[in-house]
Amino acid sequence: MPVDSAVANPIAYSTAPPIAAGLLAWYDRAARRLPWRAPPGDPPADPYRVWLSEVMLQQTTVAAVGRYFAEFTRRWPTVEALAAADDAEVMGAWAGLGYYARARNLIACARAVAAAGGRFPDEEAGLRALPGIGDYTAAAIAAIAFGRRAVVVDANVERVVARLFRIETPLPVAKPAIRGAADGITPDMRAGDFAQAMMDLGATICTPKRPACAICPLIDHCAAFRAGDPERFPAKAPKAARPERKGTAFWLEAEGAVLLVRRPDKGMLGGMRALPTGPWTDADPGLAGAPRSAAWRSAGKVAHVFTHFALELDVVTAVASGRDAGEGEWWPVARIGEAGLPTLFAKAARLAQKARGKDGE
DNA sequence: AATCCGTGGAT
DNA sequence: TATCCAAGGAT
């Protein structure tokens, strides 16, 4: 197939449309070197690493992904190794990275691929059918790991394209038009490099605020630059206000261990270890939902902002005389850092321990 | 189709 | 400090 030669030949853009040609020439000079990425013009990176990085990078910055990618590939170097891992180990390793449905889907996807022989599908449709792989990720893996021509549209591409063509329609209504425009500039050759070049451009030059148009390789093609208003694009629909909720987290200690629970798979922080909590509501729920009645004392409050609401969590502590089976999981306090708590509960745990330390000990 | 789902860095 | 926003997906 011409796919392989397209990937292997770094000069294959010479006959590409002008925008792609200019962008690929820039990419050959300026590509960011990233642990999961093959250098420009090189053969594609390992599909497992491409897939893992793409899932981690969903709505997540390159800087945040770095050490998680290193740790995951160290512990699970292949898709078969990841498929064989315990769920709790993987969820714990993901703790702090956010959007935990990604970790649950990551496990399911690894097992589906391993069960099918350990090779990822090399076309968009097959990839799209796997858990946690949507339109963007399917296109990205097909292009980056397999050299397929695919229209890869993430938030960077949306911004670059909206500016190039000065698309006035606000997101998300503009998505089909933006995808059509992206299709129109996607070359047949080096589709993976082109996709990564668009994302590098969006991340380093065509930034949301104060884009560095003076050094942009596409300056001669950009309608928004010509009009003098690139920062206006992409237009976006106004977003809803963020409500505030209140809740209580319970730190129950007995014999040097603290009671942890596993949250339900669906909903906030699904599938993660956590401190027991009551409801998260408009009004302060007090001690509703306490794992048992006890002399609860407040250690203070933790503020945490999620995507669609802000939470103020009152952290209360108590010491129990003994452990009851079936309440949850009694975790050694001294090793709480290894429990894989999401950030909200890691903050709450720090506060609880600080308060307990003051009490005496 | 609109809503739900985390976190931390940049501005 | 408050707001924005990032290599989106599932329902």
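Letters A, B, ... mirror the listed sequences (proteins, then strands); counts begin at 1.
- Annotation: salt bridge (Lys or Arg N to Asp or Glu O under 4.0 Å) contacts involving residues 118-132 of chain A, sequence neighbours excluded, comprise D122(A)-R148(A), R128(A)-D135(A).
- Across all strands shown, M199(A) has heavy atoms under 4.0 Å from base atoms, whether or not it also approaches the sugar-phosphate.
- For Y68(A), the side chain to side chain donor-acceptor pair (under 3.5 Å) criterion is met by no residue, not counting sequence neighbours.
- Applying the ring-ring contact (aromatic ring centres under 6.0 Å, His included) test to residues at least two apart or on different chains, the pairs with a partner in residues 113-134 of chain A are W51(A)-F120(A).
- When heavy atoms are screened at a 4.0 angstrom cut-off, L34(A) is found touching base atoms of the nucleic acid.
- Within 4.0 Å of L97(A), counting heavy atoms only, lies at least one base atom of the nucleic acid.
- Within the structure, every pair that satisfies the salt bridge (Lys or Arg N to Asp or Glu O under 4.0 Å) test and touches residues 60-71 of chain A, not counting sequence neighbours, is listed here: E71(A)-R74(A), E71(A)-R75(A).
- Using a cut-off of 4.0 Å between Lys/Arg side-chain N and Asp/Glu carboxylate O, R111(A) and D87(A) are scored as salt-bridged.
- A salt bridge is absent between D46(A) and R49(A): the closest approach of a Lys/Arg side-chain nitrogen to an acidic carboxylate oxygen does not fall below 4.0 angstrom.
- Here H308(A) reaches the OP1 or OP2 of dC5(B): one of its side-chain N or O atoms lies under 4.0 Å away.
- Taking the six-membered ring where tryptophan is involved, the planes of H304(A) and F306(A) are perpendicular, since the angle between them exceeds 60° and thus also 30°.
- For L344(A) and dT7(B), the CG to P distance is 7 Å, given to the nearest whole Å.
- Toward the 5' end of DNA chain B, the nearer of the two residues V305(A) and K209(A), judged by each one's closest nucleotide, is V305(A).
- Side chain of K347(A) to main chain of A303(A): a donor-acceptor pair is present (N/O by atom type, distance under 3.5 Å, no hydrogens or angles).
- dC5(B) sits 23 Å from dA7(C) when the P atoms are compared, rounded to a whole Å.
- By the side chain to side chain donor-acceptor pair (under 3.5 Å) test, D183(A) is found to be paired with R149(A), residues two or more places apart in sequence or in another chain being considered.
- Secondary structure note: stems in DNA chain C built from 3 or more consecutive Watson-Crick or G-U wobble pairs under 3.5 Å occupy B:2-5 with C:8-11, B:7-11 with C:2-6.
- DNA chain B is contacted by no residue of residues 152-179 of chain A, taking any non-hydrogen atom closer than 4.0 Å.
- Listed by chain and residue number, E168(A), D229(A) satisfy the side chain to side chain donor-acceptor pair (under 3.5 Å) test with R166(A) (two or more places apart in sequence, or in another chain).
- Taking every nucleotide of DNA chain C with any atom under 4.0 Å from a non-hydrogen atom of chain A, the first and last of them, 5' to 3', are dC5(C) to dA10(C).
- For the pair E329(A) and R273(A), the salt-bridge criterion is met [side-chain N within less than 4.0 Å of a carboxylate O].
- For DNA chain B, no neighbouring residue in residues 121-139 of chain A is found when judged by any heavy atom under 4.0 Å.
- Within 4.0 Å of G267(A), counting heavy atoms only, lie sugar-phosphate atoms of the nucleic acid but no base atom.
- In this structure, R163(A) is not positioned above the aromatic face of F233(A) in the sense of NZ or CZ being under 6.0 Å from the six-membered ring centre and within 45° of the axis.
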*Verify salt bridge (Lys or Arg N to Asp or Glu O under 4.0 Å) between K246(A) and D284(A), making sure each step is shown before the conclusion.*
CA-CA 5 Å; K246(A) 298 178 189 306; D284(A) 187 338; over 6 Å; no
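- Looking at residues 58-68 of chain A, you'll see Q59(A), T60(A) sit with a heavy atom under 4.0 Å from some atom of DNA chain B.
- The backbone N or O of A203(A) lies less than 3.5 Å from no partner atom in the side chain of T207(A), so there is not a single donor-acceptor pair.
- Distances shown here put a side-chain N or O of Y100(A) below 4.0 Å from the OP1 or OP2 atom of dT7(B).
- A ring-ring contact (aromatic ring centres under 6.0 Å, His included) check over residues 152-193 of chain A, counting only residues at least two apart or in different chains, returns nothing.
- Atom CD of E244(A) has 12 or fewer heavy atoms from other residues, nucleotides or ligands within 6.0 Å.
- Atom P of dG9(C) sits at a distance of 22 Å from the matching atom of dG8(B), rounded to the whole Å.
- Remark: the backbone N or O of A30(A) is not paired with any side-chain donor or acceptor of W26(A) at under 3.5 angstrom.
- Comparing S53(A) and K266(A), the nucleotide of DNA chain C nearest to each residue sits closer to the 5' end for S53(A).
- The nearest whole Å value for the distance from the CZ atom in F309(A) to the C1' atom in dC5(B) is 9 Å.
- Within the 4.0 angstrom heavy-atom criterion, base atoms lie near W36(A).
- In this structure, R242(A) reaches neither bases nor backbone, as no heavy-atom distance under 4.0 Å exists between it and the strands shown.
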